[in-house]
Amino acid sequence: MAIKFPSLEFFQELARRMEENAAEFEKLGFCDTVMGVKVDGDTPHLYALTFDVFDCKDVRELSSPEEAELDFTLEAPLPLWREMFESIQKNGHPEPTYTLNSLSHVGDRMKVVYDDPEGHDKLYRFMATLQAFMDQASDLEIEWA
Amino acid sequence: MSYYGTNDFSHNSDFNLRIRDIKKGNLDFGWLDEARETVEVRRRDPRRGLTLEDCEVGPYAIDNTPEIVRENRGLAPRGAILAEGAEQPDLGPSLNKKTDVWGYRVQRYWEEAMSRQWNVSTDIPWQDMDKHEIPDDIEIAFCQLCTLLSEVEMIATDLPAKWSHHMNSYFQEVKGFIATQAIDEARHAEAFRKRALAGAGLYRASVRGEHALKGILEADSYSEGSVFLHVLGEGFILTLFRSSEFISPTPVEQRMFQLVMQDEARHVSYGLQHLKYLMDNCPEIRPQINGFLDEAERHLTGLFNPDQLESMIVLGGKGTSPECIRRGIEVVGAFQGKQIEEYFHRAERAGLPERRERSPLLELQQRMIAGVLA
């Protein structure tokens with residue numbers, strides 16, 4: 001059954017798959033961060049994903065960033081999120097220009113919003129885990145908003 | 001042998017007689033009678049196992065350790081019973097103040113480092129290298145970058161190793177963390193060497209870059225070395241790794257940079273927390289750190305050496321045609337600006353907002369980088 005993007009159910013499904021693929025994430029190591037995902041569009045959506053040890057233990061939709069202590073937030077318009085997930089779906093992982101790092105680095109197509117530099121650095125400290133989390137969508141049937 | 005003990009135990013008759021007596025079964029059990037405070041150590045989160053933070057209890061906790069450690073100058077772990085008088089040897093640690101080395105959350109960085117170790121030989125998909133055709137100019141540019149990064153990683157291995165034995169053993173968590181850094185950096189040097197040798201080979205060693213790196217190694221104190229290496233140097237290198245992931249010719253190099261980036265960011269975080277701890281608890285050191293950074297930031301521009309800059313431009317633009325070079329200059333200019341801005345933001349958060357005003361980096365950036373763009 002297709003899962004709508006953006007939606008709480010979409011990220012809950014990625015979290016469920018993360019738990020299901022425990023061995024992959026245990027190999028990558030502890031991941032402790034609260035990450036924001038903002039999907040810009042006619043109706044913007046902001047999600048807080050709480051990573052704890054080897055799991056994404058909580059997924060919530062926020063009405064404002066102040067509702068959670070976010071270490072950093074990745075912000076991009078809906079079409080870019082769509083391009084990223086479609087790239088992941090081509091062969092299980094993103095093409096070089098669609099990794100989280102590439103998208104958020106030169107050109108800033110995806111914005112990294114943060115207050116504390118240590119929170120910002122968590123994006124890089126846990127990059128392999130966060131990328132693998134997004135890659136869980138590789139064979140998910142997605143209904144685009 | 002440069003150290004001869006005050007006692008030759010192999011010819012000490014009291015000692016020999018006592019050992020012989022014990023072997024006859026005459027134990028005195030004096031060590032069993034030492035009074036110890038009972039502490040409760042338990043795993044707060046079974047998935048993490050027993051962590052260093054779980055062990056921060058009673059007399060063993062760093063919070064219950066004096067700011068200046070005077071009682072121990074040997075190898076005793078924090079909380080152990082020390083011999084009375086002057087029997088415990090003096091190993092001459094020079095870093096005996098907590099502010100000399102400590103950083104907020106250092107125990108967590110240790111646990112993170114231990115759980116996120118990886119293996120260059122098996123965690124990078126070397127088997128996929130043959131699946132991708134890389135043009136010669138791109139491959140050589142990439143190997144030039146790998147050569148510089150190997151040099152950088154050498155110094156980042158040596159600096160923590162140089163200072164570890166100067167740290168009082170009561171600061172075990174910091175000694176442990178910088179030991180993980182040494183192995184991380186050794187692993188990075190391994191990765192860049194292997195990638196270069198699997199491709200076009202190693203290219204030019206950097207004269208200017210090595211002068212900059214010498215400045216890190218020759219810092220007069222651990223804190224100066226740490227702020228130069230962890231906050232300034234590794235902060236810049238972290239952004240360089242991010243850029244290198246972005247401009248990597250194939251998914252093989254991309255994976256390599258994803259993995260090295262994680263380690264590097266952890267080192268930057270420790271450095272930031274050490275600097276913050278130092279500024280919070282020893283504010284009188286501010287002029288010294290600022291004076292040091294004035295010079296360190298000048299040193300660092302050596303890393304913008306021409307061979308490295310040109311190779312990054314070729315990688316960023318994906319070729320050597322005029323159009324590629326124009327694009328490459330844009331890409332490199334953008335990430336160099338980011339390097340400087342992120343450094344100022346970290347310095348500000350650690351308690352040194354004045355770096356943004358007094359740093360030579362902005363002027364140097366305008367003269368060197370903006371000049372290239374023009």
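Naming convention: chains lettered A, B, ... in sequence-line order (proteins, then strands); numbering from 1 in each chain.
The side chain to side chain contact (heavy atoms under 4.5 Å, CB included) search around B:Glu354 returns B:Arg286, B:Asn290, B:Leu352, B:Arg358, not counting sequence neighbours. Here B:Arg47 pairs with A:Asp52, A:Val53, A:Asp55, B:Asp45 under the side chain to side chain contact (heavy atoms under 4.5 Å, CB included) rule; sequence neighbours left out.
Between B:Glu53 and B:Arg48 there is no salt bridge, since none of the side-chain N atoms of the basic residue sits less than 4.0 Å from a carboxylate O of the acidic one. Remark: A:Asp116 does not engage B:Arg346 in a salt bridge, criterion side-chain N to carboxylate O under 4.0 Å. Ion pair B:Glu139/B:Arg195 flagged as a salt bridge, since at least one NZ, NE, NH1 or NH2 atom sits closer than 4.0 Å to an Asp/Glu carboxylate oxygen. For B:Arg327 and B:Glu323, the salt-bridge test fails: no basic side-chain N is under 4.0 Å from an acidic carboxylate O.
Using a 4.5 Å cut-off between heavy atoms, B:Arg242 contacts chain A through both its backbone and its side chain. For chain A, no part of B:Glu264 is nearby; none of its heavy atoms comes within less than 4.5 Å. Proximity to chain A involves both the backbone and the side chain of B:Glu111, based on heavy atoms less than 4.5 angstrom apart. With a threshold of 4.5 angstrom between heavy atoms, B:Tyr109 approaches chain A through side-chain atoms but not through N, CA, C or O. Residue B:Arg108 does not touch chain A at all, counting heavy-atom pairs closer than 4.5 Å.
At a cut-off of 3.5 Å, with distance as the only test, a side-chain donor of B:Asp263 or B:Trp118 sits close to an acceptor on the other residue. Side chain to side chain, A:Glu75 and A:Thr73 fail the donor-acceptor criterion of an N or O pair below 3.5 Å.
For residues 245-254 of chain B, the interface with chain A (any heavy-atom pair closer than 4.5 Å) comprises B:Glu245, B:Phe246, B:Gln254, sorted by residue number.
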Show me the side-chain donor-acceptor pairs of residues 125-134 of chain A shorter than 3.5 Å, one per line, residues at least two apart or across chains.
unit_1   : atom_1 : unit_2   : atom_2 : d
A:Arg125 : NE     : B:Glu112 : OE1    : 3.4
A:Arg125 : NE     : B:Glu112 : OE2    : 3.0
A:Arg125 : NH1    : A:Glu118 : OE2    : 3.0
A:Arg125 : NH1    : B:Ser269 : OG     : 3.1
A:Arg125 : NH2    : B:Glu112 : OE1    : 2.7
A:Thr129 : OG1    : B:Arg116 : NH1    : 3.1
A:Thr129 : OG1    : B:Arg116 : NH2    : 2.8
A:Gln131 : OE1    : A:Leu100 : N      : 2.9
A:Gln131 : NE2    : A:Asp135 : OD1    : 3.0

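In terms of heavy-atom pairs under 4.5 Å with chain B, the best-connected choice from A:Asp32, A:Asp121, A:Thr97 is A:Asp121. Note: A:Lys27 leads A:Glu26, A:Lys27, A:Lys122 in heavy-atom pairs under 4.5 Å with chain B.
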